[in-house]
Structures are given as C-alpha cells and as structure tokens.
Amino acid sequence: VPLACQISSESDVKRALTRSNVVVNCIGSQIETRNYSFHDSNVKTAYRLAKLAKEAGVQRFVQFSTVNAHLKSDSKWIAAKAEAENAVRAFFPDATILRG
C-alpha cells in the first residue's frame, strides 16, 4: 500500500514501515543539486531506510541500483550507487539488489 512520507523524517519513515515485511527502495538521483549531493540522495537515503527497516522487523529489502555500480568508478553517481548497495547489505546481507 503506497504511503507518502518524507525520507528525511525518521518519524515519517517509521510510520511508513509499520506492519511492513518488505521494503523496495527506488529512491536515488542521477543529478546533484545545490541541496543534495549524489551521496545524500543515493547513499544516505538507502542507509536510513535500511536501518529503520531492520529496526522495524522488515524481513526483505529490495534495492534499485545501476548496472555498472562500482566503488572505484570515475562517475560519482555510479560510485554512490555501489556505496548505497553496501549500506543496505550492512543491515540486510541477503538484500535483493536490482541492477538495470
């Protein structure tokens, strides 16, 4: 069931996770802005969501990534997607990572 929430609000995220057993994270951006870096929009959000999902007792986590995610990529965006995968795996070692 879709539920609106502000990802930067821990209380919103916790409310959204109530009674959830699966989380699918599609949050991320290929564009940096004045307010949000690749790290902010890809890594910090994945970390926050995975951490709070684990605390809420979520059983499965699905993370959308990119086909060539690699920590040593010359692209800051691609490196951030790889870092996001690692952040998710810290809480959900068996997370499903979708690379497309």
Side-chain angles (χ1 to χ4, degrees):
V1 174
L3 179 63
C5 102
Q6 180 58 263
I7 191 66
S8 61
S9 168
E10 190 169 305
S11 63
D12 273 9
V13 175
K14 285 181 177 181
R15 180 178 46 83
L17 293 172
T18 302
R19 298 188 312 255
S20 297
N21 60 349
V22 177
V23 169
V24 179
N25 181 24
C26 304
I27 300 170
S29 180
Q30 294 181 5
I31 301 167
E32 287 188 297
T33 68
R34 274 188 314 202
N35 299 318
Y36 297 101
S37 68
F38 289 125
H39 190 266
D40 293 334
S41 60
N42 293 285
V43 182
K44 286 183 179 180
T45 56
Y47 176 90
R48 179 181 301 112
L49 189 55
K51 176 182 179 288
L52 295 174
K54 188 58 141 180
E55 290 173 3
V58 169
Q59 299 163 348
R60 297 285 305 149
F61 198 99
V62 179
Q63 172 73 16
F64 276 75
S65 190
T66 187
V67 69
N68 50 354
H70 192 277
L71 291 172
K72 296 187 189 234
S73 175
D74 291 336
S75 164
K76 292 192 304 182
W77 171 67
I78 291 173
K81 294 304 275 186
E83 192 177 347
E85 290 179 11
N86 289 342
V88 167
R89 285 192 185 112
F91 296 100
F92 291 90
D94 60 342
T96 300
I97 307 293
L98 298 175
R99 288 183 168 187

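Only heavy atoms go into these numbers, but all of them, side chains included; no hydrogens, no water, no symmetry mates.
- In terms of heavy atoms, Arg48 sits closest to Ile7 at CD-O, 3.1 Å.
- Between the CZ atom in Phe61 and the OG atom in Ser20 there is a gap of 11.5 Å [rounded to 0.5 Å].
- Contact record, Phe92 with Val58: CE2-O, 3.4 Å, taken as the closest heavy-atom pair.
- Smallest separation of non-hydrogen atoms from Lys81 and Ile27: NZ-O, 4.3 Å.
- Heavy atoms only, all atoms of each residue included: Ala80 and Val43 are closest at O-CG2, 3.3 Å.
- Of the inter-residue distances, the one linking His70 atom NE2 with Ser75 atom OG reads 12.5 Å to the nearest 0.5 angstrom.
- When the shell of 6.0 Å around CZ of Phe91 is examined, it contains more than 12 heavy atoms from other residues, nucleotides or ligands.
- Within the 4.5 Å cutoff, the side chain of Val23 has no heavy atoms near those of the Gln63 side chain.
- Under a cut-off of 6.0 angstrom, the local environment of CG in Asn35 is crowded, with over 12 non-hydrogen atoms contributed by other residues, nucleotides or ligands.
- Closest approach of Phe38 and Ser29 over heavy atoms only: CD2-O, 3.7 Å.
- Lys14 contributes atom NZ, which lies 10.0 Å from atom CG of Leu17 (distance to the nearest 0.5 angstrom).
- For the side-chain contact (heavy atoms from CB on, under 4.5 Å) with Ile78, the lone residue among Leu71, Asn68, Asn42 that qualifies is Asn68.
- For the atom pair OG1 of Thr45 and NE2 of His39, the computed distance is 10.0 Å after rounding to the nearest 0.5 Å.
- Under 4.0 Å is where a charged nitrogen must lie from a carboxylate oxygen, and between Glu55 and Lys51 at least one such pair does.
- For the pairing with Val62, the side-chain contact (heavy atoms from CB on, under 4.5 Å) check across Val88, Leu98, Asn25 returns one residue only, Leu98.
- We find the NZ-CD distance between Lys54 and Gln59 to be 9.5 Å, quoted to the nearest 0.5 Å.
- Among all heavy-atom pairs drawn from Ala69 and Arg99, the shortest one is O-NH2, 3.3 Å.
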